[in-house]
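In each ligand, atom 1 is the first atom listed, and ligand 1 is the first ligand listed.
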Amino acid sequence: MASKGSARKRYEDLRSARWYGAEDLRAFGHRSRTLQMGYAREDWKGKPVIGIINTWSDINPCHTHFKQRAEEVKRGIWQAGGFPVEMPAISLSEPFQKPTTMLYRNLLAMECEELLRSYPCDGAVLMGGCDKTTPALLMGAASMNIPAIFVPAGPMLRGNWHGKTLGSGSDTWKYWAELKVGNITQKDWEEIEDGIARAPGTCMTMGTAATMMSAVEALGMSLPASSAIPAVDANHSRMASGCGRRIVEMVWEDQKPSDVMTEKAFENAITVVMAMGGSTNAAVHLVAMAGRLGVPIDLDRFDAISRRTPWLADIRPSGRWLMEDFYYAGGMPALLSELRDNLHLDAVTVSGKTLGEDIEGADIWNEEVIRRKSAPLSEEGGLAVLRGNLCPDGAIIKQSACDPKLLKHKGPAIVFKDYNDMAARIDDPDLDVTADSVIVLQHAGPQGGPGMPEWGMLPIPKKILETGVRDMVRISDARMSGTSYGTCVLHVAPESWVGGPLAQVRDGDMIELDVPGRRLHLDVSEKELAARFAAWVPPARKFERGFGAIYANHITQADKGCDFDVLMGMAATPEPEIH
Ligand code: FES
């Protein structure tokens with residue numbers, strides 16, 4: 001089915017025809033230089049050029065298989081009568097890039113958009129998966145708005161240690177705490193290091209990668225049933241070549257991201273995030289992606305959808321299983337099918353069909369992993385949006401990953417002015433802290449981090465860990481890895497670096513958290529708060545030059561998706577002149 005019923009494009013209408021199809025000096029140059037690479041005229045003549053934006057890198061373990069997958073995408077493009085052009089782009093490797101990949105999400109988004117604009121691309125295959133690569137590629141493609149399809153990297157296989165299943169991130173934090181208090185040995189720890197990441201692919205817990213790949217399938221930008229295929233499964237290779245075949249058709253049909261990434265589609269994506277117990281990072285990325293298309297999605301939409309969406313996927317860290325299990329249980333089509341009454345089934349996807357048609361006949365094969373709506377893990381979704389005098393523009397908490405008895409809590413603040421202050425003092429035996437304290441970290445937001453690093457699962461002080469306590473209320477303007485857990489209030493906006501109320505918290509101030517009431521309150525008189533605001537001195541600027549300065553000048557706050565202000569919206573950007 002052609003999208004929007006439009007007539008098929010003719011070759012002369014393609015962008016690439018301006019590069020290859022003209023009879024002028026410039027087109028001579030483009031053709032002769034393509035011949036120089038060993039291609040014959042038959043390879044491109046009359047065919048759409050498909051840009052494959054590949055975020056493979058030697059330092060990104062989640063994308064190790066992308067060299068091979070790019071070849072499989074090309075195979076599909078050739079089969080369908082397209083001309084594939086692989087274009088490497090910056091690889092945002094979550095484990096290695098410092099201070100955080102989030103500092104560079106918008107850079108990859110810009111690179112994706114400008115690669116597609118400045119080269120003769122008629123369509124795009126977007127290869128990503130490791131955390132920020134997914135939203136970045138979708139943001140760039142949305143702004144360019146030529147036909148595009150996403151190839152999700154897929155999760156790695158389950159980790160294994162002593163016959164126990166290990167999950168990315170989650171079990172690292174868990175066993176690190178056990179090592180600190182002497183419950184496991186150094187040898188155990190090294191064996192865990194050997195077994196926790198034993199195959200290519202993304203984190204296999206419900207981290208940001210799995211959350212965003214799942215959300216993008218629900219959004220309609222990847223092929224049905226693609227997002228949970230383990231990276232090393234032969235089905236993953238077939239999915240990659242399928243994307244290659246499909247993008248060529250999408251070009252002729254002129255099915256653009258704006259036809260797919262509609263308000264209904266974003267509601268479908270948010271619904272899936274809630275039903276998966278997905279990462280809090282989705283609240284930043286989906287807002288940013290929607291902002292590129294002028295689709296009005298804000299934090300209140302997340303909270304409203306969370307309240308009406310049952311949590312069904314029992315995936316760690318909130319649940320028990322891993323993405324490999326989710327795939328065997330039926331994967332995304334099974335979950336979508338169970339959620340059908342909560343979804344806009346008429347939303348069109350890159351398959352060229354509607355979401356309802358895509359999930360026809362899907363069913364759940366393991367009701368432990370994907371629950372029926374009649375037996376949900378919880379009646380509500382995983383995320384909640386908080387408001388109050390400590391977060392006037394909102395904050396996020398993953399309620400499904402909290403100790404339930406902390407969901408309503410009041411306690412005295414213990415404040416760390418930045419990450420280094422926290423690292424230096426958190427395990428000090430003289431730290432004035434009890435299990436009822438509320439740990440506050442300042443200067444960890446979009447400007448303060450910079451890049452809003454995933455520091456939000458603030459460590460529990462050692463002296464509290466030794467008493468057997470494993471969760472406390474923690475508050476910051478940072479983000480948190482989707483593989484993390486605990487009663488962590490995140491994304492406090494506006495952030496402390498720009499003078500948000502979080503900057504005004506002092507040791508001993510009482511803080512009230514009420515997740516069911518969606519409230520976060522600093523129990524300090526208005527007069528006292530006003531005096532603190534008046535005395536507040538802005539921190540010195542971090543960057544005077546380079547990308548950091550561009551970032552600091554243009555980054556928006558968490559509730560706006562942390563996009564650059566100059567990249568948001570749908571204002572037309574001129575096509576390049578070909579001289
Ligand atoms: Fe790449 Fe987790 S480190 S997905």
Side-chain angles (χ1 to χ4, degrees), residues 54-67 69 89-105 108 126-138 150-159 165-176 192-193 195-217 222 226-233 236 273 276-282 284-285 315-318 321-324 326-327 398 401 451-457 478-485:
N54 190 353
T55 54
W56 174 89
S57 153
D58 257 338
I59 200 160
N60 192 337
C62 309
H63 296 178
T64 307
H65 54 313
F66 269 0
K67 264 189 178 176
R69 293 295 173 275
I90 181 173
S91 192
L92 311 180
S93 176
E94 197 62 29
F96 290 99
Q97 200 166 24
K98 309 298 175 195
T100 162
T101 51
M102 187 62 185
L103 189 63
Y104 300 105
R105 184 199 64 182
L108 173 57
L126 313 168
M127 300 183 65
C130 187
D131 285 28
K132 318 304 177 288
T133 57
T134 301
L137 292 170
L138 269 292
F150 180 68
V151 176
M156 69 176 96
L157 299 177
R158 302 180 192 101
T165 297
L166 296 176
S168 312
S170 312
D171 281 309
T172 310
W173 326 128
K174 178 176 146 187
Y175 286 109
W176 178 242
I192 291 167
E193 195 171 290
I196 198 162
R198 59 189 183 90
T202 67
C203 294
M204 75 316 237
T205 39
M206 187 42 62
T208 304
T211 302
M212 292 309 298
M213 290 189 292
S214 304
V216 167
E217 184 173 333
S222 50
S226 61
S227 59
I229 305 172
V232 295
D233 193 307
H236 200 273
V273 170
M276 298 283 281
S279 163
T280 45
N281 281 311
V284 175
H285 299 317
I315 314 288
R316 296 188 200 181
S318 301
W321 306 84
L322 295 173
M323 287 306 291
E324 192 180 342
F326 179 77
Y327 177 61
K398 189 172 188 176
M452 215 182 163
E454 292 188 336
W455 296 335
M457 189 174 78
R479 294 174 301 111
M480 174 172 96
S481 164
T483 62
S484 302
Y485 51 86

Numbered atoms of ligand 1 (with element) below 4.0 Å of [X], judged on heavy atoms:
X	value
Pro95	3 (S)
Ala209	4 (S)
Thr202	4 (S)
Cys62	1 (Fe), 3 (S), 4 (S)
Asp131	2 (Fe), 4 (S)

Proximity flag Gly207 to ligand 1, non-hydrogen atoms under 4.0 Å: no
Gap between atom OH of Tyr175 and atom OG of Ser170 - 0.5 Å precision: 11.5 Å
Ser227 OG to Met323 CE distance, which is reported to the nearest 0.5 Å: 6.0 Å
Distance-only side-chain donor-acceptor flag, Ser222 / Glu217, under 3.5 Å: no
Between Thr165 and Arg316: side-chain donor-acceptor atoms closer than 3.5 Å: no
Ligand 1 contact on Cys130 by region, counting heavy-atom pairs under 4.0 Å: both
Heavy-atom side-chain contact between Thr55 and Asn60 under 4.5 Å: no
Asn281 and its side chain to side chain donor-acceptor pair (under 3.5 Å) partner, picked from Thr211, Asp131, Thr208: Thr208
Atom 2 (Fe) of ligand 1 - nearest protein heavy atom and its distance: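 The protein heavy atom lying closest is Cys203 SG, 2.2 Å.
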